[in-house]
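The block underneath contains the structure these notes are about, expressed in structure tokens.
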Amino acid sequence: MTSLPQHVYETHDTLTLARLLLGCELVHHSPEGVTAGIIVETEAYLWGDPACHAYRKKTVRNAAMFGPPGTLYVYQIYGMYHCLNVVTGPEGVGEAVLIRALEPTEGVALMGLRRGLDPTTKPGLRGLCSGPGKLVIALGIDRQLHNFSSLTTGPVSIRPSRPTNSDIITTTRIGITQGADLPYRFYFRGNGFVSKG
DNA sequence: GTTCCGATTATCT
DNA sequence: GATAATCGGAACT
């Protein structure tokens with residue numbers, strides 16, 4: 001239950017945290033049970049970065065990004081899915097790390113239930129959390145409940161874990177057109193739970 | 001006021 | 001590989 005202390009979020013910049021969070025375990029203590037997985041893929045969104053939601057101005061949607069580091073930023077994407085971010089950078093500065101994929105460690109059955117996996121066409125453990133929208137569903141993350149939630153005091157937390165692989169690959173980010181050339185995506189080499197690559 | 005388009009995914013061909 | 005599903009900002013008129 002030893003989760004990352006608040007000062008970890010406060011004393012590292014966004015790009016450092018994007019790499020530091022790899023290998024840590026994202027845990028959600030929900031009423032239905034505990035679900036968790038090791039973070040194996042992240043992306044950084046920085047101040048002044050055209051792909052960052054906080055690039056233009058503070059809105060109702062991106063308000064959580066301007067909160068203190070260690071806050072959750074959950075937003076709806078494509079009108080039907082959600083993405084989970086760890087807010088980074090000083091309060092008032094809109095930066096965050098997008099969690100793109102997890103290697104499931106706890107509550108696998110519950111995750112499968114939430115994903116509505118058909119046993120006959122089950123994608124298996126690998127497809128359970130191998131994408132930002134998928135892991136939000138699998139962990140039971142709800143924007144109403146968890147946007148603005150603190151990773152240090154709330155139901156969703158991050159704790160240090162064994163490094164599944166210390167070999168980190170750096171590439172460009174996925175699914176964006178602005179700032180597409182920036183090397184802000186990080187993932188473990190050879191890890192089968194990464195969304196792509 | 002209206003149109004366009006995404007930090008995606010499942011389900012086709 | 002292509003596309004539908006679906007909605008709130010942003011960028012227009």
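Naming: A, B, ... by sequence-line order, numbering from 1 per chain.
- A salt bridge links A:D49 and A:R173; the closest N-O separation between the charged side-chain nitrogens and carboxylate oxygens is under 4.0 Å.
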Give the B/S/- string for nucleotides 6-13 of chain C, one per nucleotide from 5' to 3', where a protein heavy atom under 4.0 Å of the base yields B, of only the sugar-phosphate yields S, and otherwise -. BB--SS--

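- Taking the six-membered ring wherever Trp is involved, the centroid distance between the rings of A:Y75 and A:H53 falls below 6.0 Å.
- Considering only side-chain N and O atoms, A:R115 lies nowhere under 4.0 angstrom from the phosphate OP1 or OP2 of B:dT9.
- Remark: of the listed residues A:T88, A:V87, A:I158, A:T71, A:I158 is the sole one forming a side-chain contact (heavy atoms from CB on, under 4.5 Å) with A:Y9.
- For A:F66, the CZ atom is densely surrounded, since the number of other residues' heavy atoms within 6.0 Å is greater than 12.
- As the counterpart of C:dA2, B:dT11 is assigned, both hydrogen-bonding distances of the Watson-Crick or G-U wobble pattern falling under 3.5 Å.
- The OH atom of A:Y81 sits 10 Å away from the C1' atom of B:dT11 (whole-angstrom rounding).
- Look at CZ on A:R143: it is 16 Å from P on B:dA7, rounded to the nearest Å.
- Rounded to whole angstrom, the span from the NZ atom of A:K134 across to the C1' atom of B:dA10 amounts to 9 Å.
- Of the inter-residue distances, the one linking A:F186 atom CZ with A:T42 atom OG1 reads 6.0 Å to the nearest 0.5 angstrom.
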Apply the test side-chain hydrogen bond (donor to acceptor under 3.5 Å, both in side chains) to residues A:R114 and A:T35: give CA-CA distance (whole Å), side-chain angles for both, the deciding distance (0.1 Å), then the verdict. CA-CA 11 Å; A:R114 284 169 172 155; A:T35 42; 3.2 Å; yes

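- A heavy-atom distance below 4.0 Å to DNA chain C is reached by none of the residues of residues 172-183 of chain A.
- Distance noted for atom P between B:dT2 and C:dT6: 22 Å (whole Å).
- Geometrically, A:R143 does not engage A:F148 in a cation-pi contact defined by less than 6.0 Å to the ring centre and at most 45° from the axis.
- Checked for salt-bridge contact, A:R19 and A:E43 miss the test: no charged N lies under 4.0 Å from a carboxylate O.
- DNA chain B is contacted by no residue of residues 102-113 of chain A, taking any non-hydrogen atom closer than 4.0 Å.
- What separates NE2 of A:H82 from C1' of B:dG6 is a distance of 14 Å, to the nearest Å.
- Look at the C1' atom in both C:dG8 and B:dA10: the space between them is 22 Å, to the nearest Å.
- The line from SG of A:C24 to CG of A:L151 is 11.0 Å long, rounded to the nearest 0.5 Å.
- Between A:R100 and the options A:C83, A:C129, A:S195, a side-chain contact (heavy atoms from CB on, under 4.5 Å) holds for only A:S195.
- At whole-Å resolution of the value, CG in A:L98 and C1' in B:dT8 are 11 Å apart.
- Pair assignment for C:dC12: B:dG1, on the basis of Watson-Crick or G-U wobble contacts that are both within less than 3.5 Å.
- Between the side chains of A:R159 and A:T2, no donor-acceptor pair of N or O atoms lies under 3.5 Å.
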